[in-house]
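This report concerns only the one structure given below.
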There are 2 protein chains.
Amino acid sequence: MRTALAVIDRDGVAGLTMRKFGAELGVDPMAVYYYLPDKGALFDAVVEAVHDEVGELLVEEGATWQSLVWETFQRTRRVLLRHPHTIPLVGTRPVLSPRMLARADRLIAALVEVGLTAATALNIVACARSYTVGYLLVEAGVPAGPPVGAGVADADVMVAYPSLAAGMAQGYDPDRQFGMGLRALLDGFPAG
Amino acid sequence: MRTALAVIDRDGVAGLTMRKFGAELGVDPMAVYYYLPDKGALFDAVVEAVHDEVGELLVEEGATWQSLVWETFQRTRRVLLRHPHTIPLVGTRPVLSPRMLARADRLIAALVEVGLTAATALNIVACARSYTVGYLLVEAGVPAGPPVGAGVADADVMVAYPSLAAGMAQGYDPDRQFGMGLRALLDGFPAG
DNA sequence: ACCTGAACACCGTTCAAGT
DNA sequence: ACCTGAACACCGTTCAAGT
């Protein structure tokens, strides 16, 4: 699976071919089908490998549910930025493997331990996860299918779309913007 | 483009083939290339058609920035639920057409009119959009590539993952959960 | 048990040719 | 200007066959 992830990082998800994957493993392309039922299983394995890279939080003294959720999804973002081609896969393929479920279970358990109900914890995690994946998709996601055509020149934006231009005037800081949204989501939740 | 969207709604994005698209139009499959440079352009046109369906808000007396953003993304969700196969496309292909930019510009302008700075308006819209797309991706998104394998039976979840099971005990209401997260995002934003 | 290789039914895209 | 059809270089997957 490290091989599959490496191929995706290098060539994109369209570049991960059953044939190429076999070749990369130094094996007949079709040998892969002995271990994996189809290409979807290969994708799911890659998604799981990415989640493994996020790893698990250890709950420190004085942790709050806000700090746990914040740290979890900041880490998630950092990992996804290292594997931008996998973002559509991660957002799109619900992997329900035992390892994945166990990890989710431990996160919910940790949040319950610091005072949340299980139902609230699940709500917050689901929303924060949606926000994170959605944000990464537009921040760093590589378009599905062929590349997108050229956009619009900056000068055009300034004159034709004044409000947009005004909003963008002081630049765009993804780190800061992602953090603002995640912070807002946590601060605004009727949970504490 | 209505034809292309209809094909995607029926057969999924993998089912929208340049060849099938031509056939559906009653024309030689390759005739499409006279009008569109490649398949990416076809995807972008579909994304634009979906955004057109969301339409535009009219700003009523007494509107706040919260009510405008709320209404915008509730509508976006409703439209995406009608075209679930397009969600990965919408989340993934940044269409910067004049029509799209003009619509974004008018939304920002409306938010400035009710008291936000342009920069803040852009931040909020970007975050709310990320949240919405991310949420829909897991709520209704159809996995990229081949279908995902079978998950885990409910009974297994109960015994092996107790915290997860406790959180899910009172059921899952996507409408309510989506609304909670969007509300939290708006309430928590340091903007008012 | 594990791998091979031919074959099937497709793709997106190019390009010379038609009207 | 607009459309056709053959061709190219690929795909994922199946399956009989090898060791």
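Order of the sequence lines sets the chain letters (A, B, ...), proteins ahead of strands, with each chain counted from 1. Any value given below was found using the heavy atoms of this structure, including those in side chains, with hydrogens, waters and symmetry copies removed. Keep in mind that what you see is a predicted model, and the values were worked out from it rather than measured.
Look at CG on A:Leu16: it is 15 Å from C1' on D:dC10, rounded to the nearest Å. Residue A:Leu25 contributes atom CG, which lies 11 Å from atom P of C:dT4 at whole-angstrom precision. When rounded to the nearest whole Å, the span between CZ of B:Phe21 and C1' of C:dG12 equals 15 Å. Rounded to an integer number of Å, the gap from CZ of A:Arg19 to C1' of C:dC10 is 11 Å. In this structure, OH of A:Tyr35 is placed 18 Å from P of D:dT13, rounded to the nearest angstrom. Counting to the nearest Å, the C1' atom of D:dC3 and the CG atom of B:Leu36 are 15 Å from each other. In this structure, B:Leu42 places its CG atom 14 Å from C1' of C:dC11, rounding to the nearest Å. In this structure, B:Met30 places its CE atom 12 Å from P of D:dA6, rounding to the nearest Å.
Applying the 4.0 Å criterion to OP1 and OP2 of C:dT4, one finds that A:Tyr33 has every side-chain N and O outside that range. Taking only side-chain nitrogens and oxygens, B:Tyr34 never comes nearer than 4.0 Å to OP1 or OP2 of D:dC3.
At the heavy-atom level, A:Met18 lies under 4.0 Å from the strands shown only through sugar-phosphate atoms.
When Watson-Crick and G-U wobble pairs are counted only if both distances are under 3.5 Å, D:dT19 pairs with C:dA1. A 3.5 Å limit on both hydrogen-bonding distances identifies D:dA7 as the Watson-Crick or G-U partner of C:dT13.
Ionic pairing of A:Arg77 and A:Asp175 is present here: one or more N-O contacts between side-chain nitrogen and carboxylate oxygen are shorter than 4.0 angstrom.
Under the 4.5 Å side-chain criterion, counting only non-hydrogen atoms from C-beta, B:Leu81 is in contact with B:Glu139. Using a 4.5 Å heavy-atom threshold, the side chains of B:Leu16 and B:His85 count as separate.
Residues A:Val95 and A:Glu48 share a closest heavy-atom pair of CG1-OE1, 4.0 Å.
A:Asp105 places a side-chain N or O within donor-acceptor distance of the main-chain N or O of B:Leu164, the cut-off being under 3.5 Å.
You'll find that the side chain of A:Asp28 is closest to C:dT4, out of C:dT13, C:dT4, D:dT13.
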